[in-house]
Amino acid sequence: MTTRTARIDVHLTPADARAALRADVLLGLTAHLKHLPPKYFYDARGSALFEQITALPEYSPTRTEAALLAEHVDEIAGLTGAGTLIELGSGSSAKTRLLLDALGRAGRLTRYVPLDVSTAALREALDALAARYPALALHGVVGDFTTHLDRLPRDGGAGDRRLLAFLGGTIGNLEPGQRAAFLARVRTALQPGEHLLLGAALVTEPEVLVAAYDDATGVTAEFNRNVLHVLNRELHADLDVAAFAHVAVWDAEREWIEMRLRALRPMAATVRDLGLVVEFAAGEDLRTEISAKFRLDGLAAELTAAGLRPERTWVDPLHRFALTLAAARR
Ligand code: AVJ
């Protein structure tokens with residue numbers, strides 16, 4: 001057996017990633033309402049905690065999306081006629097394999113292109129796939145999905161069409177303005193007739209939503225507080241992780257879940273690498289994530305506004321998650 005080494009293009013170096021972390025933390029911790037971007041949850045420990053979240057009884061998006069994908073993946077593959085699968089976030093290998101297998105059955109599959117911020121995560125995902133799909137061209141892209149969509153490889157020629165998958169409901173982490181900009185960049189990255197496959201969590205009962213972000217066993221609380229460990233390690237900060245409570249609230253007006261970390265006492269923390277002292281009042285919140293939930297009409301309107309035409313949407317029986325296939329318009 002021969003071992004293939006996949007091509008990996010690096011558009012985001014460790015130095016770039018560090019500069020972005022510094023800028024984001026400086027901005028977020030000096031703001032009047034303190035906030036941090038959710039992408040910093042996902043170091044090795046945070047990624048493992050997120051994997052645990054996806055198995056919690058209270059957290060349904062991941063398994064609901066997987067079930068929708070399993071049921072409809074051949075139809076999706078047929079509608080796209082795609083030979084290249086691009087995936088934003090190297091994703092759960094289970095969902096990737098479902099899509100690759102279906103595109104393979106549809107007869108045009110030639111290439112898999114995951115985009116991820118982590119070279120190590122890409123390498124691991126691609127190595128696993130190389131063994132299973134010996135004929136598949138593997139081309140990883142190290143980048144950030146909000147800024148590097150213009151670095152995706154072109155179509156492979158000879159009538160190749162690309163399917164860009166953005167799964168898991170991660171679109172909900174973007175604020176409405178960022179979302180519009182993101183979808184417009186997706187449209188620009190695609191040729192007319194190429195497709196976006198988007199997974200989005202839907203608005204449902206507030207109790208159900210809050211429980212999904214405040215589970216009984218406290219895994220989500222640990223995941224939330226993990227961002228403080230990341231700052232302590234990466235920026236030599238001294239945040240007292242145990243002095244922050246996990247909070248999840250449903251914002252009914254904006255239809256998103258907010259995760260926050262609430263200071264349990266007044267404190268001052270030093271972020272040594274930024275030369276920064278951050279003060280927290282007792283009860284003060286640090287917002288760590290928004291996770292927007294969607295309505296089908298709103299989602300279709302946002303896609304349409306970006307130049308993407310919704311072709312089909314699949315929804316689970318409890319109406320908690322939607323998979324939408326949208327084509328780039330001329
Ligand atoms: C991976 C962004 C889709 O927003 O539901 C899970 C992350 N946060 N529990 C989500 C998350 C808290 C998740 N996404």
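In this chain, numbering begins with 1 at the start of the sequence shown. One-based numbering, in listed order, for ligands and for the atoms of each.
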Just one of L198, T313, V186 clears the side-chain contact (heavy atoms from CB on, under 4.5 Å) bar with L303, so which one?
-> L198
Proximal atoms of ligand 1 relative to G169 (non-hydrogen, under 4.0 Å) | 3 (C)
Exercise: do T84 and R111 side chains pair donor with acceptor under 3.5 Å = yes
When distances are taken from atom 2 (C) of ligand 1, the protein heavy atom at minimum range is N173 OD1, 3.1 Å
Verdict with supporting geometry, L274 and L29, side chain to side chain contact (heavy atoms under 4.5 Å, CB included) | CA-CA 11 Å; L274 297 178; L29 291 189; over 6 Å; no
Of all the non-hydrogen atoms in the protein, which one sits nearest to atom 3 (C) of ligand 1, and at what distance?
-> G168 O, 3.1 Å
What do you reckon, does G172 put a non-hydrogen atom under 4.0 Å from ligand 1?
-> no
At the 4.0 Å heavy-atom cut-off, does F41 count as touching ligand 1?
-> no
E289-ligand 1 polar pair, N/O distance under 3.5 Å | yes
Supply the atom-to-atom distance R108 CZ to D160 CG, rounded to the nearest 0.5 angstrom.
-> 10.0 Å
Y42, any N or O under 3.5 Å of ligand 1 N or O = no
To which of Y59, W256, F223 does the heavy atom nearest atom 10 (C) of ligand 1 belong?
-> Y59
Under 3.5 Å between some N or O of ligand 1 and some N or O of T220?
-> no
Among non-hydrogen protein atoms, atom 4 (O) of ligand 1 lies closest to S291 OG, 2.7 Å
